[in-house]
Amino acid sequence: MLDPVAYWTKMKGQNIPCNTSSTENSSILPEVQEVMDNRFTRKEQSNASCARPNCSDGLLQLERGHCFHKNGSFSEAVQCECRDDPHTTTGNEKAHPVINGNSHEIEPLELGETARALERICAMINSHPCKRPTGKVLSIIKMSPRREAVIGFLTYKPQFPNVECHGKHFTGQSSKRNEKARTHIDCMYLIPTDPKFPRMVVSVRSLPDSVKERLKNCDQTVEKELIAARVDEWSDENLLPEAHIIHVLGKGGEIETQIGAILFENAINAADFSPESMACIPDASWKVPMKELETREDLRNVLTFTIDPSSAIDLDDALSVETISDGRIRVGVHIADVSYFVRPDTALDTEAQIRSTSVYILQHRLPMLPPELSGVSSLSPGLDRLAFSIIWDIDRHGNIIDRWIGQSVISSCCKLSYELVEDVINANFDQSSPPGSSCPQLHGRFEWKDVVDALRGLHMISKTLKEMRFKDGALWLNNTKLVFMFDECGTPYDSYRDERKRESYSLVEEFMLLANRSAAEIISRAFPDCALLRRHPEPNLRKLKEFEAFCSRHGFKLDTSSSGQLHLSLSRIREKLKDDPVLFDILVSYASKPMQSATYFCTGDLRGKEDDWAHYALSMPFYTHFTSPLRRYPDIIVHRTLYAALDAEELYVKQNKDFLRANKGEAANCDATGRFFTGLHFNKDAADSKEGREALSAAALKFRVPGSEVLGEVAAHCNERKLASRHAEEAGEKLYLWALLKKKEILVCEARVLGLGPRFMSIYIHKLAIERRIYYDEVEGLAVEWLETTNTLVVDVVRNKPFQKKGKPQNYQTIEDVAMVLNPSDSISSEKGKELLVTETEPAVFPLVLRHLLAVPVALHAIGGDDGPLDIGARLYMSSYFK
């Protein structure tokens with residue numbers, strides 16, 4: 001419920017969201033980057049009703065001390081919630097009908113009531129631009145799953161001195177009995193590592209026996225243990241919520257303890273696979289059955305190879321090349337036929353669906369499927385393997401002349417690394433003489449020269465395909481990744497930004513994108529009500545306009561009318577900023593913020609809204625995931641749906657064999673091979689015919705293709721697990737960066753000012769590709785002057801005037817909290833007396849004058865971990881004789 005305007009808080013200035021890490025927006029980057037992330041990062045370490053007819057800135061002034069809505073204004077947030085709530089409608093939507101309990105007649109809702117309420121709220125907000133709306137929570141409609149996964153530290157100290165524990169009731173009344181109660185503790189307090197959670201009360205009676213024993217022995221190290229807990233209750237009469245301890249994870253300062261916390265917080269299953277699941281996997285001596293050799297396309301004599309990171313284990317995709325007449329080349333993408341082993345409704349299928357995706361945290365790999373399955377399904381060189389293949393005939397201009405899709409048996413001749421393929425593309429050695437030990441072992445009848453010729457041919461075609469894709473409006477935001485270097489104990493000792501642009505990556509990704517698009521085209525046409533696709537909505541319009549305005553203020557012309565125009569604009573800006581790559585990196589980071597997440601969806605849920613199927617970044621009308629079935633459950637669903645389309649096609653051809661023979665395939669509007677549903681030209685008449693509908697319905701039943709309702713639930717679960725996986729990977733990167741800084745103690749580097757205000761600044765550290773904040777209000781010994789008219793900040797040390805405390809005592813900071821100040825006359829040493837890392841970054845001097853985008857030296861350090869939430873702190877790196 002919205003409070004009266006008199007209760008609204010005063011708002012001073014504006015604010016912008018500030019990432020804690022460049023990886024925060026990793027999931028909203030274009031799909032092409034995701035394709036390569038899945039290959040490079042990851043590899044290195046149903047229902048009968050599914051018949052086709054009826055398938056079951058910007059850089060703005062930072063505000064003073066008020067929180068901000070993550071996605072924009074209050075009115076926009078209200079509209080967002082209304083759109084998400086199925087029981088709420090806006091003026092632009094149709095209301096759902098309701099049933100009159102007396103007459104059983106349908107009556108429409110009051111269409112304009114919600115719209116008028118929103119108009120009144122918006123008018124109130126617009127009339128009071130200097131105030132932030134506040135409100136009261138009336139009821140909890142749905143419990144958050146985050147209640148089940150709270151991570152934190154136990155402590156004896158309450159947040160407020162007057163909080164008292166009486167059994168199960170925690171009130172705000174002060175009592176002198178608190179001091180006496182320390183000898184007999186009834187409750188402790190849980191401090192969550194997530195600042196969005198309040199402190200919680202934990203009854204000592206509910207603690208594990210091991211913790212109780214340590215408390216009896218007055219073991220103070222209990223407060224340094226990381227705890228996994230669940231929120232039990234938060235009643236109206238209690239000031240704090242009650243929590244229950246589930247696990248004691250271990251010492252907070254240890255990496256493995258923090259990894260366990262990340263997995264628990266994101267509900268990621270790290271347990272071994274069940275015996276029932278393992279029983280579904282054949283032993284390591286498995287060979288391709290003779291039946292499969294007889295029924296599948298035999299491609300073992302075609303030049304085929306894999307391209308992966310040198311340390312890859314899961315080889316789930318391969319490329320093949322054949323030169324045919326008339327200047328055409330036949331290119332194949334072959335994907336490990338994982339669905340052959342993961343049969344529907346088995347224990348292995350159920351467990352894979354629950355896990356949904358493999359999770360890759362640095363130094364940790366949590367597979368969706370057992371590693372033993374990879375041993376029999378990976379496309380290892382020199383072995384016959386089952387594959388799902390898509391093969392295209394492509395001319396020299398990149399035009400696709402023909403397409404075939406089906407089950408196959410392949411045999412890869414070699415496993416290639418990206419580095420080796422890059423050398424081949426760049427002609428760094430004679431193709432007749434392999435580069436010594438880096439040359440892979442060849443299997444079969446092919447020679448090294450054949451492989452080199454094939455790679456260079458694929459490279460030329462991939463460049464053409466890429467050019468065509470960007471001409472069609474694709475967008476590419478190249479966010480640089482931070483790469484860690486580990487010692488033999490798995491501890492990070494250094495890091496670097498991976499800014500290499502390898503043609504070998506582009507070669508592979510173009511054909512993977514083409515395969516995913518081809519699969520999406522086939523299943524969405526054959527089963528328009530129950531195809532699992534992946535969509536990428538258009539960017540958030542408000543954020544996109546803010547980014548456009550920011551670029552305009554700094555002299556950069558930006559066209560955001562489409563993904564293609566945005567890409568062209570950024571390409572021109574990149575050329576303009578070729579002497580300032582750091583600023584361009586900042587622009588790319590801001591360009592990614594308006595982007596929304598790509599999600600899986602069931603086509604039946606958006607039937608009649610085909611425009612919403614599109615993928616914005618790729619500029620494709622439909623797209624799906626087909627190429628990574630070992631690591632993503634949606635790919636397995638797509639494989640089964642493709643199998644159903646192939647089976648229906650075969651059945652339809654058999655039923656109409658005489659007719660087709662008489663008309664030689666021409667009357668049926670299909671190619672000579674009868675590819676009605678999987679060829680380049682989909683035969684809608686055949687699919688809509690009685691025979692076509694029956695064939696598609698029977699095939700969907702045979703291959704357990706989920707109906708619309710079930711598939712929608714599967715898509716939602718996969719989206720939720722993919723988001724959890726992304727959060728875990730980001731948390732893992734932050735953890736190892738924290739561990740690196742803890743080992744280094746102090747890291748001095750240069751940063752750029754992104755935002756300024758009277759209380760804090762936001763900065764971008766290019767070396768680590770992260771953003772931080774430095775707060776400088778209420779600092780003893782520091783004078784801060786904010787010049788709002790010129791957006792300039794002046795920071796200086798207080799030389800004569802005593803420090804005047806204005807705020808609350810807990811808000812006071814010392815100058816050491818904000819700046820690492822060195823005396824030029826002293827040797828450069830850390831505050832602990834240890835020598836600083838050698839750095840070329842010179843300290844700044846007082847008075848320090850800052851404006852947007854200026855460079856400023858900073859000192860980074862690790863915070864917390866041992867007895868509190870871990871974080872990465874940033875301070876100004878200064879030099880002054882007044883220290």
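Only a predicted model underlies this, so the values are computations on that prediction, with no experimental measurement involved. Reckoned from all heavy atoms, side chains included, excluding hydrogens, waters and symmetry mates. This chain uses plain numbering: 1 for the first residue, then up along the sequence.
For the pair Thr306 and Leu416, the minimum side-chain heavy-atom distance is 4.5 Å or more. Side-chain contact check for Arg640 versus Arg704: every heavy-atom pair is 4.5 Å or farther apart. A heavy-atom distance below 4.5 Å is not found between the side chains of Phe677 and Glu650. Side-chain atoms of Ile573 and Phe584, non-hydrogen and from C-beta on, do get closer than 4.5 Å to each other. Leu475 has its side chain within reach of Met595: a pair of non-hydrogen atoms, C-beta onward, lies under 4.5 Å apart. The shortest side-chain heavy-atom distance between Glu503 and His459 falls under the 4.5 Å cut-off. The closest side-chain heavy-atom distance from Leu442 to Val451 is below 4.5 Å. Put simply, the side chain of Val288 reaches to within 4.5 Å of the side chain of Trp286, judged on heavy atoms.
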Checklist line | Test side-chain hydrogen bond (donor to acceptor under 3.5 Å, both in side chains) applied to Gln565 and Ser569, step by step | finding: CA-CA 6 Å; Gln565 291 302 317; Ser569 297; 5.5 Å; no
Checklist line | Residues Lys287, Asp384; criterion salt bridge (charged side-chain N to carboxylate O under 4.0 Å, His left out); working and verdict | finding: CA-CA 8 Å; Lys287 303 290 184 183; Asp384 294 348; over 6 Å; no
Next item on the list: For ring pair (Phe, Tyr, Trp, His ring centres under 6.0 Å), just list the numbers for Tyr505 and Tyr418, CA-CA rounded to whole Å, side-chain angles, deciding distance to a tenth of an Å, and then say yes or no.
Entry: CA-CA 7 Å; Tyr505 294 173; Tyr418 283 111; 4.7 Å; yes
Note to self: Between Arg365 and Ser358, is the side-chain contact (heavy atoms from CB on, under 4.5 Å) condition met? List the steps.
What the structure shows: CA-CA 8 Å; Arg365 176 177 177 269; Ser358 294; 5.7 Å; no
Item checked: Pair Val376-Asp283, side-chain contact (heavy atoms from CB on, under 4.5 Å): steps then yes or no -> CA-CA 8 Å; Val376 296; Asp283 58 43; over 6 Å; no
Next item on the list: Please assess Tyr623 against Asn516 for the test side-chain hydrogen bond (donor to acceptor under 3.5 Å, both in side chains), listing each intermediate value before the final yes or no.
Entry: CA-CA 6 Å; Tyr623 187 76; Asn516 286 335; 2.9 Å; yes
Notebook entry, point to check: When you look at Phe484 and Tyr496, which way does the ring pair (Phe, Tyr, Trp, His ring centres under 6.0 Å) test go after all the steps?
Noted result: CA-CA 7 Å; Phe484 292 91; Tyr496 65 90; 9.4 Å; no
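A salt bridge links Glu730 with Arg726: the closest approach of a Lys/Arg side-chain nitrogen to an acidic carboxylate oxygen falls below 4.0 angstrom. For Arg385 and Asp337, the salt-bridge test fails: no basic side-chain N is under 4.0 Å from an acidic carboxylate O. Of the charged side-chain nitrogens involved, at least one lies within less than 4.0 Å of a carboxylate oxygen, so that Asp393 and Arg330 count as a salt-bridged pair. For Glu521 and Arg403, the salt-bridge test passes: some basic side-chain N is under 4.0 Å from an acidic carboxylate O. Between Arg469 and Glu510 there is a salt bridge, with a side-chain nitrogen of the basic residue lying less than 4.0 Å from a carboxylate oxygen of the acidic one. A salt bridge between Glu351 and Arg355 is present, with a side-chain N of the basic residue lying under 4.0 Å from a carboxylate O of the acidic one. Using a cutoff of 4.0 Å between basic side-chain nitrogens and carboxylate oxygens, Lys578 and Glu575 are scored as salt-bridged. A salt bridge is absent between Asp308 and Lys415: the closest approach of a Lys/Arg side-chain nitrogen to an acidic carboxylate oxygen does not fall below 4.0 angstrom.
Around atom CE of Met460, no more than 12 heavy atoms belonging to other residues, nucleotides or ligands sit under 6.0 Å away. Counting heavy atoms of neighbouring residues, nucleotides and ligands inside a 6.0 Å radius, atom CG of Asp272 does not exceed 12 of them. Heavy-atom neighbours of Arg396 CZ from other residues, nucleotides or ligands within 6.0 Å: at or below the threshold of 12.
No donor-acceptor pair under 3.5 Å is formed between the side chain of Asp314 and the backbone N or O of Asp316. Asp298 contributes a side-chain N or O that, together with a main-chain N or O of Arg300, makes up a donor-acceptor pair within less than 3.5 Å. Judged by distance alone, the side chain of Arg631 and the main-chain N or O of Thr357 form no donor-acceptor pair under 3.5 Å. Judged by distance alone, with hydrogens and angles left aside, the side-chain atoms of Ser339 form no donor-acceptor pair with the main-chain N or O of Val342 at under 3.5 Å. Although no hydrogens or angles enter the test, the distance criterion places no donor-acceptor pair under 3.5 Å between the side chain of Ser380 and the main chain of Leu383. Although no hydrogens or angles enter the test, the distance criterion places a donor-acceptor pair under 3.5 Å between the side chain of Thr624 and the main chain of Leu532. A donor-acceptor contact shorter than 3.5 Å links the side chain of Thr603 to the backbone of Ala531. Remark: side-chain polar atoms of Asp635 are paired, donor with acceptor, to backbone N or O of Ser628 under 3.5 angstrom. Looking at Thr304, its side chain never comes within 3.5 Å of a backbone N or O of Ser320 through a donor-acceptor pair. At distances below 3.5 Å, not a single donor-acceptor pair connects side-chain atoms of His615 with backbone N or O atoms of His536.
Relative to the six-membered ring of Phe682, Arg675 misses at least one condition, a distance below 6.0 Å or an angle of at most 45° to the axis. Annotation: cation-pi pair Arg343/Tyr340 present, NZ/CZ under 6.0 Å from the ring centroid and within 45° of its normal. Geometric assessment of Arg534 against the ring of Tyr600 yields a positive cation-pi assignment under the 6.0 Å and 45° thresholds.
With values rounded to the nearest 0.5 angstrom, Glu372 atom CD is found 11.0 Å from Ser277 atom OG. Separating the CG atom in Leu293 from the NZ atom in Lys291 is a distance of 12.5 Å, to the nearest 0.5 Å. Distance check, rounded to the nearest 0.5 Å: OG of Ser378 to CG of Leu373 gives 8.0 Å. Note: Glu447 CD to Asp453 CG = 10.5 Å, rounded to the nearest 0.5 Å. Between the OG atom of Ser408 and the CD1 atom of Ile391 there is a distance of 7.0 Å, given to the nearest 0.5 Å. Of the inter-residue distances, the one linking Ser563 atom OG with Phe470 atom CZ reads 10.0 Å to the nearest 0.5 angstrom.
Scanning both residues, Ala336 and Ser377, for their nearest heavy atoms gives CB-O, 3.3 Å. Residue Val333 comes nearest to Ile335 through the heavy atom pair CG1-CD1, 3.7 Å, listed as atom of the first residue, atom of the second, then distance. Looking at every heavy atom in both residues, Leu303 comes nearest to Ala454 through CD2-CB, 3.6 Å. When all heavy atoms of Leu299 and His334 are compared, the pair lying nearest together is CD1-CE1, 3.6 Å. Here the closest heavy-atom approach between residue Cys413 and residue Phe446 is recorded as CB-CD1, 4.3 Å. Residues Ser725 and Ile268 come closest through the heavy atom pair CA-CD1, 4.5 Å.
Evaluated for a ring pair (Phe, Tyr, Trp, His ring centres under 6.0 Å) with His639, the options Phe626, Phe703, Tyr633 yield exactly one hit, Phe626.
No side-chain N or O of Ser411 forms a donor-acceptor pair with one of His443 less than 3.5 Å apart. Side chains of Ser389 and Trp404: a donor-acceptor N/O pair is absent below 3.5 angstrom, by distance only.
Between Phe388 and Tyr643, the angle of the ring planes stays under 30°, which puts this pair in the parallel group of the 30/60° scheme. Ring-plane geometry between Trp613 and Phe601 is classed as tilted, the angle between the planes lying from 30 to 60 degrees on a 0 to 90 degree scale.
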